[in-house]
2 protein chains.
Amino acid sequence: MRSDYEPKKVPKQARSRATFDAIVEAGARLLVERGYAGVTTNHVAETAGVSIGSLYEYFADKEAVVYEVVRRAAQGFSEDAARPLPALEGAPIDEGIRRWLDALLSAMRSREALLRAIDSDVPLELREPHRRQAWARHLALARAAYRMAGDQVRQDRENEVSFLVVTLVDATLTRLVLDPPRDVCPDTLLDELTERVVEWVAPS
Amino acid sequence: MRSDYEPKKVPKQARSRATFDAIVEAGARLLVERGYAGVTTNHVAETAGVSIGSLYEYFADKEAVVYEVVRRAAQGFSEDAARPLPALEGAPIDEGIRRWLDALLSAMRSREALLRAIDSDVPLELREPHRRQAWARHLALARAAYRMAGDQVRQDRENEVSFLVVTLVDATLTRLVLDPPRDVCPDTLLDELTERVVEWVAPS
DNA sequence: TGCTAACCTGAGCAATCGCTCGGTTTTACT
DNA sequence: AGTAAAACCGAGCGATTGCTCAGGTTAGCA
């Protein structure tokens, strides 16, 4: 059990950057198509069209490759999810929350297969750091919005409330994307979720 | 990717039942101590004090062993979590919910290490069936309680509300046990959680 | 043009894996 | 006591794994 999964060397030329990217992309593809157990260093190198030796130039081991795959997915997700937010400044709180949920949901849906593979199979050690980071970003956004809302929102138990809100949103959307329940209508669910969060954060 | 992980043979004599149990227990131990990748059939057999041939008498492969480990954990958890419930009949709704949360939390805490190992490392395929089942049990209990509460509770969007409740409770408790947040007081968190659930289910 | 550092190659090793199979021992039942 | 079924054994096979290493190729710069 290592703790540093960072790439052991950063590519400096365009050629090597392409090699590096090809490896990460091949890793992602194999992860989706064959699961974590199917991601073997030999196979990744072959899929990337690169020699096994090159792979070990940049990555310490198999784990480091997967770590990088997860890192990129998490980063792309956070960027997509944050992009529509600035346009919401000053909007009413219920509309803002609903839009935020929609943004998160579509960011998740657009990388559903990869999310599923990561969630299903990748050891916690490799995915947890990035999950934590994404959480921290969302929490920060939520708190910023909180402050902007000023006296519209409740002030007590701020830590607990934001923890629960982020937990609920994360779990609900994840389940909605990866394991959609049969007896629940997604749109109604989002409506209900929005109402609950609004009422929770800004009780009238 | 198989879909049937059930044991290939059920032990009929006391001796073989002991063998079977030893294998499952060794599997659980190795899962906790070395993670999913550390659970190898040779190693499990050795740890169980049983020959590798015996292991394959009862289990089709490595996955089947882990599946059984998860099954037992989920079963034990559900039993522990349901045990204190009958005593709550007729209690006020907020007290009932709080006690239910406490029961769930302590059932989780008492098998923390195993839960962590399962959640961290075990492929979704092997853990999802049991997770689903535990969910279904909790939902059934929740709905039974719902009906018992009669006109105290709201009737619209029942599916959506119970989905959100179970999602929130599950995610919150899991996180509380496996990855306790630093800036949140567990007791206050449970208080807030109880209040939210009560308000959702039985708005005054 | 030549030199150095960056980059790439792939045969193949040592270790380990899941799993088989031929055979022995124990149990239940007559 | 005899017998068949149940249970157990473990050496070892074939396949695969993660990874090394000694040497070739390309890019950047003087």
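Quick caveat: nothing in here was measured; it's all calculated off a predicted structure.
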> Between A:Arg29 and A:Glu33, is there a side-chain N and carboxylate O pair less than 4.0 Å apart?
Replying inline: yes
> Does B:Tyr58 place a side-chain N or O at less than 4.0 Å from the phosphate oxygens OP1/OP2 of D:dC8?
Replying inline: yes
> Is A:Arg175 close enough and on-axis enough to B:Trp135, meaning under 6.0 Å and within 45°, for cation-pi?
Replying inline: yes
> Does A:Thr41 make a side-chain N or O approach to OP1 or OP2 of D:dC19 shorter than 4.0 Å?
Replying inline: no
> To the nearest Å, how far apart are A:Tyr56 OH and C:dG12 P?
Replying inline: 19 Å
> Are B:Lys9 and B:Tyr56 in a cation-pi contact, defined as NZ or CZ under 6.0 Å from the six-membered ring centre and within 45° of the axis?
Replying inline: no
>> Please report the distance, rounded to the nearest Å, between NE2 in A:His43 and P in D:dC19.
In response: 17 Å
> Rounded to whole angstroms, how far apart are NZ on A:Lys12 and P on D:dC29?
Replying inline: 12 Å
>> Checking A:Tyr67 now: which residues fulfil ring-ring contact (aromatic ring centres under 6.0 Å, His included) with it, not counting sequence neighbours?
In response: A:Tyr5, A:His130
> Quick one, which residues of residues 15-30 of chain A touch DNA chain D with a heavy atom under 4.0 Å?
Replying inline: A:Arg15
> Please give, in whole Å, the distance from D:dA7 P to B:Leu55 CG?
Replying inline: 15 Å
>> Between the base of C:dG10 and the side chain of A:Ser51, is there a donor and acceptor pair under 3.5 angstrom?
In response: yes
>> Let's see if you can work this out: which of C:dC19, C:dC7, D:dA7 has an atom nearest to the side-chain heavy atoms of B:Lys9?
In response: D:dA7
> Base, sugar-phosphate, or nothing for A:Ser54, non-hydrogen atoms under 4.0 angstrom?
Replying inline: base
>> Angle between the end axes of the helix from C:dG2-D:dC29 to C:dT30-D:dA1, five pairs per end, to the nearest 10 degrees?
In response: 20°
> Could you give the CD-to-P distance, from B:Glu57 to D:dA5, as a whole number of Å?
Replying inline: 15 Å
>> Can you measure A:Phe59 atom CZ to C:dC8 atom C1' for me and round it to whole angstrom units?
In response: 15 Å
> Does A:Asn42 make a side-chain donor-acceptor contact with the base of D:dC19, cut-off 3.5 Å?
Replying inline: yes
> Between C:dT4 atom C1' and A:Gln13 atom CD, what is the distance in whole Å?
Replying inline: 12 Å
>> Regarding A:Val39, tell me which of base, sugar-phosphate or nothing describes its non-hydrogen contacts under 4.0 Å with the strands shown.
In response: sugar-phosphate
